[in-house]
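As structure tokens, the structure follows; a few thoughts come after it.
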Protein chains: 2
Amino acid sequence: MLVAVIEGMRMDEPSRKPTLKDVAALSGVSVISASRVMRDAPNISPELRQKVESAAREIGYQRNRIARSLRGQATDLVAVVVPSMSNNVFPNIVDGIGDALSDTSLRLVLGMTKYVDRSEEAILRDMLTWNPASVILSGLEHSDATKEMLSDFSGPIVEVMDVDGDVIDYAVGVSMDEAGCLIARHLADRGYQRIAYVGAWGERPKRSLKRRLAFESELKNLGVPLVGSFILDEASSFNGGAIGTKSLLAQHPDIDAIFFANDDLALGALFYCQSQGIAVPGDIALAGYNGLEMCQSITPRLTTIVTPRYEMGRVAGELVKQQIRGEPPVQDRVIRMELELVEGETT
Amino acid sequence: MLVAVIEGMRMDEPSRKPTLKDVAALSGVSVISASRVMRDAPNISPELRQKVESAAREIGYQRNRIARSLRGQATDLVAVVVPSMSNNVFPNIVDGIGDALSDTSLRLVLGMTKYVDRSEEAILRDMLTWNPASVILSGLEHSDATKEMLSDFSGPIVEVMDVDGDVIDYAVGVSMDEAGCLIARHLADRGYQRIAYVGAWGERPKRSLKRRLAFESELKNLGVPLVGSFILDEASSFNGGAIGTKSLLAQHPDIDAIFFANDDLALGALFYCQSQGIAVPGDIALAGYNGLEMCQSITPRLTTIVTPRYEMGRVAGELVKQQIRGEPPVQDRVIRMELELVEGETT
DNA sequence: ATTATAATTGACAACGTTACCAATTAGAAC
DNA sequence: GTTCTAATTGGTAACGTTGTCAATTATAAT
């Protein structure tokens with residue numbers, strides 16, 4: 001005579017994570033049926049659903065993403081590779097991406113390159129081993145190896161920030177050409193004749209270089225060629241702006257306007273000028289790039305170009321969402337967003 | 001008679017990702033041996049290593065993280081849940097975490113709660129389905145359900161930002177009590193008598209509330225009780241600082257000092273005062289919290305408390321790294337970092 | 001009532017890797 | 001030369017899920 005043995009109620013391990021098998025055992029259905037209920041598959045009877053759901057609730061079952069991804073070949077991860085977070089640009093972009101994806105199960109996996117090209121490659125290589133559903137990169141410049149890697153990546157690839165160059169898959173950004181020209185024309189219009197430029201990061205982010213080149217070339221067209229420029233090797237900072245300004249003025253005391261690679265530098269220059277009794281814009285005009293909120297709150301308001309940072313991120317996120325949902329690629333592969341020149345009181 | 005069929009060289013699919021099986025086939029060893037080489041297991045002959053490595057290189061093999069994690073039960077993911085990125089605090093923290101983990105294979109998975117408690121819970125629940133190696137949260141306040149979830153999470157849990165309260169596992173941060181008291185004493189020392197407070201976010205981040213309470217209570221001890229306070233419901237912003245100041249001054253025209261929940265608000269107030277011809281600190285003193293670089297560059301320099309944001313992130317990251325490597329938990333479970341009161345020119 | 005169709009449930013295998021155990025070989029000790 | 005241990009390699013199963021196909025049942029159409 002056999003003794004009934006109650007299986008499925010293993011009290012051995014203290015608290016292993018419950019799996020579908022546990023749910024199935026408790027609710028008395030097959031594993032696959034439990035799976036169907038959990039992922040809301042079609043053609044499920046109300047009773048089955050009820051049984052499985054209550055069992056799942058009872059033991060606190062959570063679907064295992066890893067197993068799911070292994071089987072399904074695709075993950076719910078979006079790889080996001082940006083240079084840095086201590087910066088006034090990329091956090092906004094990441095925020096936008098996050099908001100766009102907040103109504104999905106997609107998660108951001110973040111990588112920071114510190115503006116080292118070689119590093120983008122390494123990080124991306126590592127991230128691809130997670131089989132992400134999509135990849136979001138900053139800028140259009142990538143090493144050959146990076147492009148190679150991406151060429152056999154199957155999900156949507158979105159490059160955020162600028163749009164002047166070769167796009168892998170999709171690009172969301174603003175035109176560096178446009179930005180450079182806008183400022184060049186603005187300064188020329190205002191009658192400035194001795195114009196200079198200050199950059200940072202050794203111009204490693206190629207978009208700043210593109211912007212400067214456009215700026216330079218437009219100035220030449222307008223008959224007021226660039227007098228000089230100063231490129232910091234380190235990070236952008238207030239202090240860097242001051243250093244650049246000081247150095248340029250030492251070399252070219254007659255400079256009457258400076259365009260900076262970003263608002264941080266410009267603001268540092270503004271503070272420097274104020275501290276040195278240099279009148280802005282009387283003695284020298286200053287213009288920045290990015291349009292940080294703060295720069296519109298101070299006196300004098302900084303002349304700058306407002307970039308839609310959050311929006312770029314959001315649109316990139318929306319694009320990813322659409323593509324992953326399998327919606328057809330309706331839009332243009334390049335989404336060029338609006339730049340706005342804000343004429344402050346520093347030019 | 002049988003025809004020889006060359007197996008293993010399937011040209012059918014265009015470019016499936018190479019797996020260990022492919023590497024093994026090409027190098028003529030077993031799958032498991034290939035695996036051993038790829039993960040640098042002990043006791044591998046040089047020939048085997050060479051064969052496998054060159055085969056892997058040839059077909060561009062990359063280890064599949066998903067499969068690895070499924071088998072190994074642990075991932076290389078660190079779940080990071082913060083309120084927002086469009087903010088002057090959390091990007092620095094994330095940056096610090098990223099730097100600390102940059103020499104590991106650990107990846108950050110980012111979640112943003114938008115300061116909604118309920119949202120932290122949902123995001124964390126979702127993230128835990130990825131079986132992260134560790135979890136980093138902001139602040140010490142979490143819903144019961146969140147704590148419950150975390151209680152059967154096996155990896156290290158680090159709470160970043162503040163240290164006054166119940167710590168789950170590890171905490172890295174600064175003391176809100178200390179911050180509130182520092183500013184209270186500073187203002188009292190300077191002889192201010194009619195002191196007010198401006199907060200934001202409806203005080204949802206509990207640490208700002210703790211800070212205010214400490215501030216209030218210390219002021220009371222010092223015999224100069226808080227005159228009034230204004231808590232914005234929305235996000236912190238320059239404008240919010242202006243609104244708060246305006247509103248407080250309307251109610252209590254004799255206020256002579258205001259402590260703000262952060263530098264953004266304080267700066268907005270400063271600009272507002274400047275625009276209204278209110279002398280700072282002559283008519284009113286202003287103090288902020290965080291110590292943003294910019295606030296030390298403007299004139300007048302803002303009195304504020306500098307928080308080691310990047311460092312908190314870095315230390316949290318180091319902690320995670322150590323714990324995951326299995327090093328014994330040497331330090332205290334609570335790492336309290338230094339606050340610095342910067343006496344600017346606004347008080 | 002009978003056949004055809006849809007709804008519902010289940011069995012099995014597979015995703016790519018690695019833990020565990022077994023087998024073989026080489027080297028050391030006697 | 002024999003025995004024992006260590007080094008090296010391989011086989012099998014399993015991690016938890018879901019795609020595919022098969023089986024059963026209910027429903028609709030004849």
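Residue numbers start from 1 in every chain, and the chains themselves are labelled A, B, ... in the order their sequence lines are given, proteins ahead of strands. None of these values were measured; they are calculated from a predicted model.
With sequence neighbours excluded, no residue satisfies side-chain hydrogen bond (donor to acceptor under 3.5 Å, both in side chains) with B/Thr113. Among residues two or more places apart in sequence or in another chain, the ring pair (Phe, Tyr, Trp, His ring centres under 6.0 Å) test is passed with A/Phe153 by none. Take A/Arg71 and apply the side-chain hydrogen bond (donor to acceptor under 3.5 Å, both in side chains) test, not counting sequence neighbours, and it matches no residue. For B/Ser154, there are no side-chain hydrogen bond (donor to acceptor under 3.5 Å, both in side chains) partners, not counting sequence neighbours. Evaluation of the side-chain hydrogen bond (donor to acceptor under 3.5 Å, both in side chains) rule for B/Ser105 yields B/Asp76 as partners, not counting sequence neighbours.
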In B/S/- notation (B base, S sugar-phosphate only, - none; protein heavy atoms under 4.0 Å), nucleotides 15-23 of chain D written 5' to 3' is BBBBBB---
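Among pairs with a residue in residues 118-138 of chain B, those fulfilling salt bridge (Lys or Arg N to Asp or Glu O under 4.0 Å) read A/Arg65-B/Asp126, A/Arg107-B/Asp126, B/Arg118-B/Glu121, B/Glu121-B/Arg125, at least two apart in sequence or across chains. Contacts classified as salt bridge (Lys or Arg N to Asp or Glu O under 4.0 Å) and involving residues 23-39 of chain B (residues at least two apart or in different chains) are not found.
Protein chain B contacts DNA chain C from C/dG16 to C/dC20, reading 5' to 3' and using non-hydrogen atoms of the protein with a distance under 4.0 Å.
With rounding to whole Å, B/Lys51 atom NZ is found 10 Å from D/dT9 atom C1'. B/Arg49 has its CZ atom 10 Å from the P atom of D/dT8, to the nearest Å.
Remark: the B/Asp332 side chain and the B/Tyr170 side chain contain no N/O donor-acceptor pair separated by less than 3.5 Å.
Under the 3.5 Å distance criterion, the side-chain polar atoms of B/Arg333 are matched with a main-chain donor or acceptor of B/Ile168.
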Pair up each side-chain donor or acceptor in residues 46-58 of chain B with any protein partner under 3.5 Å, not counting sequence neighbours, and list the distances.
residue	atom	partner	partner atom	Å
B/Arg49	NH2	B/Asp40	OD1	2.7
B/Ser54	OG	B/Gln50	O	3.4
B/Ser54	OG	B/Lys51	O	3.2

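In this structure, B/Asp162 and B/Gly139 approach most closely via the heavy-atom pair OD1-CA, 3.5 Å.
When the C1' atoms of four end pairs are superposed on the next four at each end of the helix from C/dA1-D/dT30 to C/dC30-D/dG1, using five pairs per end, the two resulting axes differ in direction by 30°, to 10°.
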What does the list of N/O pairs under 3.5 Å between the protein and nucleotides 4-7 of chain D look like, with a distance for each?
none

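Of the charged side-chain nitrogens involved, at least one lies within less than 4.0 Å of a carboxylate oxygen, so that B/Lys114 and A/Asp99 count as a salt-bridged pair.
By the 6.0 Å contact criterion, CG on B/Asp103 is enclosed, its count of non-hydrogen atoms from other residues, nucleotides or ligands being greater than 12.
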